[in-house]
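For reference, the structure discussed in these notes is given below.
In what follows, chains are A, B, ... by sequence order, proteins preceding strands, each numbered from 1.
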Amino acid sequence: MGASVAFWVLASIAVLAALAVVLVRDVFRAALSLILCFLMVAGLYITLSADFLAAVQILVYVGAISVLIILAIMLTREVQRGSPSNRFRLPAFFVAVLFFAGIGYAMLNTPWQISSTPPLEPTTPAIAGLLFGEGGFILPVEIAPLLLLAAIIGAIVLVREK
Amino acid sequence: MAMQMLPPDWPGNFWAHWAIFAVAILVFVLLMVMVFIWFERRALAVMQARLGPNRAGPFGLFQSAADALKLLIKEDIVPAKGDKLVHWLAPVVAFVPVVLIFAVVPFWGGAILADLNIGILYIVAISSVTAVGIFMAGWSSNNKYSTLGAMRQVASVVSYEIPVVLSVVGVVLLAGSLSMQQIVAAQDIPFILLQPLGFLLFFCGALAEINRAPFDLTEADSEIVAGFFTEYSGMKFGLLFLAEYGEALAISAIVTTLFLGGWRGPLLPPFLWFLLKVGLVFFVIVWIRATVPRLRIDQLMALAWKFLFPLALLNLLITAAEILFWPAVSLWVFVPINFAVMIILVLLWSKFFKLGWGKVEV
Amino acid sequence: MPSELVWLIFLLPLFSFVIISLFFRPFLNNRPKLGGYITIAALLGSLGLSIWALFEVMAAPGHSIPIPDINWVVIEGGLTIHLGLILDSLTAVMLLVVIIVSLMVQIYSQGYMKGDPGYHRYYAFMSLFTASMLGLVLADNLLFVYVFWEMVGLCSYLLIGFWFHRPEAANAAKKAFIVTRLGDFGFLAAILLLYFNTGTFDIGQLNTLAAGGALAGTVLTWAAIGIFAGAAGKSAQFPLHVWLPDAMEGPTPVSALIHAATMVAAGVFLVARTFPLFAHSMEAMTTVAVIGGFTAIFAATMGLVMTDIKRVLAYSTISQLGYMMLGLGTGGVAIGIFHLFNHAFFKALLFLGAGSVNHATGTFDMRRMGGLRRFMPWTYATFLIASISIAGIWPLAGFWSKDEILVSALQAQPILFYLAMITVFMTAFYMFRVVFMTFGGDYRGGEEGHGKPHESPAVMVMPMVVLAILAVVSGFWNVTGQFGALFGHGHTQGFAEGFFGILTHALPWISLILAGLGILLAYAIYSARWLSAERIGAMFKPLYTLFLRKYWLDELYEQVIVRLVLLKGLFAAFQAVDSYGVDGAVNGLAKGVMASGKAIRRAHSGQLQLYGLFIGIGIIVILACFYLFG
Amino acid sequence: MVGLEHYLILSAVLFSIGLYGALAKRNAIIILMSIELMLNAVNIAMVAFSRYIVPLMLTGQVFAIFIMVVAAAEVAVGLAIIIAIYRHRETIDATKIDLMKW
Amino acid sequence: MKFERYGLGIAKGLSVTIRHLLRRPITTQYPEQRLNVSRRIRGNELIWNKDKCTGCGTCAKACHIGAIHISTSTNLVDNKYEVQKYEVDTGYCIFCGLCVEACPFEALFLSYDYECARYRRNDLFQDREKMVETSERKVSGYFYPGRAAKLPRQSLLVDNDRGKRNGR
Amino acid sequence: MATSTKEIVINTEPFVVNIGPAHPSTHGVFRMRTTLDGEVIVDMEPVFGYLHRGLEKLAEERTYTQVIPLTDRLDYLASMSNNLAYCLAVEKLAGIAVPERAEYIRVIMAELQRVASHLIAVGAFLNDCGAFMTPILYMLRERERILDLFDMVCGQRLTYNYMRVGGVSQDVPDEFIPALKKFLKEMPGWIDEYERLLKENEILLARSKGVGILSRGLAINIGASGPVLRASGVPWDIRRADPYSVYDRFEFDIPVGLAGDCYDRYRVRVEEMRQSLRILRQAIKGLPRGQVRSEVPHLIRPPIGEAYGHLEGPRGELGFYLVSDGSIAPYRFHVRAPTFINLTALADMMRGWKIADAILIFGSIDICMGEVDR
């Protein structure tokens, strides 16, 4: 019961925050809503017993990504004229709704093979095993830093002065 | 995160435990913050050949309380062009994570609100939220000094998080667990001896993350008046102030837990040991504040990226190698080795490392 | 002593490099001497080890000692690369040569480089070079040889361009690097060719395969020629020799070490190392011999007219390397390597002498020297010994090895022998031209503003004396035929028998007389002035100019190969094909596409979100299709 | 009782909101934020699958971690591009960034 | 920052501050603890000797602020003008001491007192009744070394007198 | 995430920040209108006048003696020097001789004043660097010792009004010389302590070395003086160049900087303190007995003419230019305030540095707004 309550509370706040991101006029407030949404998602991870992932979610999304976004908002504050919509607003809305209907239909009508096993706890050693252990995802783990490095260098090159 | 602490269904006896502990910790943190504010002012004053607050109560102990009272009844001002809602929310957002950190700080053997198996990761994650609060404060004040302060804060937090986390990983490797309680349990030798370099880096990085001298650029009073504080008054200012000192207290507690053996110690009761060690670390912070000048923003960045970051990586590498290759050797063997490594690395880097003498080219 | 210690021979200089570059340069830059001491100490250690190794090899059966190796790269079911060393007679001799010359040069550099701001850098590079050279000599498989080969090339680049602030030095470094690289392509191709045909990089196995006839025919020939191409690049053989004279822009000790004794000899060494491959291919042997013989005389002609003392020595080096190649191509490993062994000492000595002269006068231009005999007796004496040695006068070192080469050339191909004979004359002439121009006559001023010439400090003279002694006696090793025996052929005889017995043959006398004539001519022109150099120069004006301009080879490479062949020929042809053939076909198509593109390009509004919208619609359509028809 | 479908529908809702934002907003930073929303929605689905279908495998969580890595890289580059555009063109309005048209 | 001193500079600084922990602070806790002020202190009031004053008005002329108001009778009595009004507005006075220096008859002094803050501006106004010397209103030794000698010795920081903090 | 370090300094629209007039480190009411690009200063315009009191005009309304208290209020951190400079000018104008003992006392006071002023300057500079209050409190403590001495001599701690035309107002009390000797014995130790505290501090070095360089040529061209000029490598000191009072009898060195950066200015000031102590020791030894004030009438009426008296104040060349029309008050009274002129270099020194450096550079000039605005 408690888990249900938690889910409903977290989910509704998350959806509201997400709506705020796309609807609020003030960009800064939109960014704050985004942070709120991220936090709620972290909470949802906890209800899914992914505690490690929840911490990482906060660390990466709240601690780094949103801060970067806010920084960018700050740096471009001279041209911030709120958060207006373009002329595709209506088609975009329909596409979104149709898309939602499509995948929603798919999700509800797929016979998922739900396992009744209780979830693994704690997850941290298991994830470490999966990431670094034998037969795990060691290659992607090694490629990921490469990607990050490329991103960092790319970002530096892009914003470098002259 | 706290799933394994939760019973199958939430309501129940467990709530009592949580509520009592949560309230106790809240009270403790607020009390300690006030005491520490007083402590800092006194220590700083004595080091500066002054006396410091000594009027309100015995030895001026109630000075912080008096200040808090004064702040409570002060007028609350919001800048006319500012963002009222954000301005109001900012102190809360800045303060709440600070209190949350204490949930996983082990005060005693059993005295911990939640012994998470990802305790230290939790701390790192939660503490990064404070930056958002500070940024909100800076933005909503719509003041140039505040904006500058907030930008400095963000820049320093984002860059200092990396060496801090990396130096913590060394400790985690040694303890073999992310749980704070287990880290304390693993410290038959205080990790400051096993991880001298890690301690140094963590301490440096932590000082920068909580904006204490010499990295207090965010509120550098001689440059940008009070940074993101500038437009705050009344209890909102009080909350931000509390958050600042709460962070300092938290960092002291974390350093104590990670490197100084936490509540462990002979003779005295564990709780006292914990307080003693926290006080000691806090005193060192104050001591440093009393002595050194402030860095410039680009030097701060250079310090993080050119000095702390590579050293943290090397420290991690060396620690990992030691654990991997000599798992059976007594840890005492590593004490001199690691000290030697620290000295060599710091000397090497000091030699190679330059942070803009002249004009800044970032 | 355990054989693992052989590793130390090349690790010691490597350590010295690491120590100097990591600790000395950053921390102790104000104490320059230290870097030199470390290098010298490391080399002394290596020297001891290599002498021990030589005696072990001499005593060992088959003149080879096995050394345990390490598996470096193991790919399951495929490639296994060993990290291994080889210690046989060839290696042992080369080790001795490299270490002794390097040691002498390092000691000499203590004086020569004194006060240079890049002192530590110099020693770091020198250590690295020595280490790579030793690694090259020791390596037991082609892959490693190649790695060290390139490292040697890199160090050579760094050292030639040591004074990189001078544009000539920087250009020379680049030129050296690029030209040798041309040869290295051949080497690399040969390595790959061999690997694909045999599946191994191991030199011992390859040699066995070649000797056993398992590897033969075109593959072997092409592989050998490829290796020789690499060797020609490093050893500055005929078409690729142009970099060596320019490389004289580096510090003189560098020239002495790299361009006299070690790196240029690496080519010769490589051929010797893979000799079985050559030995079983007639064509390859002939190529080596012909190019060697031609290079010998070709370079000597240019040496006749140069006025820069180091350039004369550089051409002389090319010429002597040609001799070695000739020896290898006609005779065998022992003959070529023996000449290499002797040549290393006297040529290094010559370079050091040139450096000493430069130290005294501040110039390399011989026209501004003269009369230095009086000012610097030690330098004069040692230089003279080296000159006599290189001219091949009995009984100095040069004589013994040159004689062997001549003998084998005569047996193999008379034309090559005649060329070699003429070269003997030329060698004697140009060497003594240098001696007389530099040390004879009166002092002609030296570099502007440079003080009176003076003898170099003891730290520079001492290595020269040591090398001079070696330049005298090193040839005696094979007097008894022992050196040849080390390489598994020839017969041994008593010392006296060999020492004087040689004079009973006719051939030595011919070469001695030719050399004597060369010396006499030099004396006549440059010392006694019976003949005027200008007059002779005018008389053979075309030849003189040809020699002086180095056969216009530099210009040829620049004008013909780069400009004409590449730009005008190849590229122009491509362009023609491109513009008429390809373009014509494409244009028609393109025009059609363009017409249709014009029609539908309006859909590209440039707005990202419109595209996104289309994508979204597309996904929905796909989803719908999937559910409706799937 | 909350089940897999709940999480999936939540994920779909968030994704659709993000999709709308990405398609309909002019401010490039808002668009970037919407994309982050979509990535988060995907993560929720991943973790939910992992929890309900293979509770002992955690592969979904590992994939979520990789998605976070990619998101971090994407934000760094994306913001850099926005800043660069801002510096050259004094605007971050996505409808005005249309130099690539025909 | 180049640590060419490897952080030794910072360590030195830290040693200085930590040493101060053991030293006694130099602060004086003012209302409870008081120091002896200078014997020549130019205190916050003027003191006027009615008997010696001849009403010459030199003090008023010397004052460049114009804070001294003096009016006298026009007729000489006993070689003196009778002073009818003598007022000083210490609100304007900058305590430069030029009037004391100018007085030819040793009739005007600065006071030894320094706690003269008032709640009302009017209270700063001194008329002749408020200006007499009493036992509470001592005269400063400014310009009068003879009087200075009778005053308590000034507590000096160099002498570490400050440490004693004698009360009143 | 590394990008943030880059983004912090990217070219944003130049934005104008007013530093001051009420800012913690503008040392009085001074305003710098800085144009920033990120944190880098593109341009700086000094705005002053917030403390203007019309002092020069006030002085023209007063007698020559009455002006002396006004000069106290010029550079309120160095009143003694101001008094002395003014008296020198009047003495030159009216041709008044000064007794020997008075000259010595004047030198003692001026040098004590220099030490006191430099203590404030250095302390405030270090405080601007971010050394939280510690150095300035230490230095204020030592300044307190000097103020005690001044208090003993003239009864005031800030506005001394001690010098008079033709001498000093009164002789020093008997306990002054012992107290001064004691001070001189202690002071070098205290200076050593300051040096230990921060001289080699890496952070301070990083912050101030090479920062805000004032080139030698520019320093001379704008007419800078005092430590600011000497830090740029010009050994110009009026005590040497145009000796006044009895300075020609004392031995002392002129500390000179090399680079002309903030650190050099700091070093020059500290070294000058040591030199001042050296002068003080010599002055005590040579202090003669006798009169401290020559016979000067109450109302000085100098002959018609003009005079310029100047001296080496703690902040530079402090000069008073007086024109007399023969009356009891100066006809024209002009002050050459050193920091006013030193301030003109500020914009040139600041351009291209960051805000944090601007504070430092400003602090290293050591201004006193009372003197700048007059």
Under 4.5 Å from any heavy atom of chain A, what part of [X] do you find: side chain, backbone, both or neither?
X	value
D:Leu10	side chain
D:Val75	side chain
D:Ala71	both
D:Ile9	both
D:Thr59	both
D:Ile44	both
D:Val13	both
D:Phe15	side chain

Flag the pair A:Phe137 / A:Phe132 as yes when their ring centroid distance falls below 6.0 Å, and as no otherwise. no
Please work out which of the three classes, parallel, tilted or perpendicular, describes the rings of D:His6 and A:Phe7, given edges at 30° and 60°. perpendicular
Can you name the residues that form a ring-ring contact (aromatic ring centres under 6.0 Å, His included) with D:Phe66, not counting sequence neighbours? none
Please classify the contact of [X] with chain D as side chain, backbone, both or neither, using a heavy-atom distance under 4.5 Å.
X	result
A:Ile103	side chain
A:Val141	both
A:Leu130	side chain
A:Leu53	both

Do side-chain atoms of D:Ser50 reach the backbone of D:Met46 as a donor and acceptor pair under 3.5 angstrom? no
With distance as the sole test, does A:Trp112 use its side chain to make a donor-acceptor pair with the main-chain N or O of A:Met107 at under 3.5 Å? yes
Between A:Pro140, A:Ala14, A:Ala150, A:Gly154, which has the largest tally of heavy atom pairs under 4.5 Å with chain D? A:Pro140
Just so I understand: if I count every heavy-atom pair under 4.5 Å between each of A:Leu48, A:Val22, A:Ile143, A:Val15 and chain D, which residue has the most? A:Leu48
Could you measure the distance from the CG atom of D:Leu37 to the CG atom of A:Leu19? Nearest 0.5 Å is fine. 9.5 Å
What option among [options] has the most heavy-atom pairs under 4.5 Å with chain A?
options	value
D:Val69, D:Leu58, D:Leu19	D:Leu58
D:Glu74, D:Glu36, D:Gln61	D:Gln61
D:Ala12, D:Ser11, D:Ala84	D:Ala12

Sequence neighbours excluded - side chain to side chain donor-acceptor pair (under 3.5 Å) pairs with any residue from residues 55-68 of chain A: A:Gln57-D:Asn40
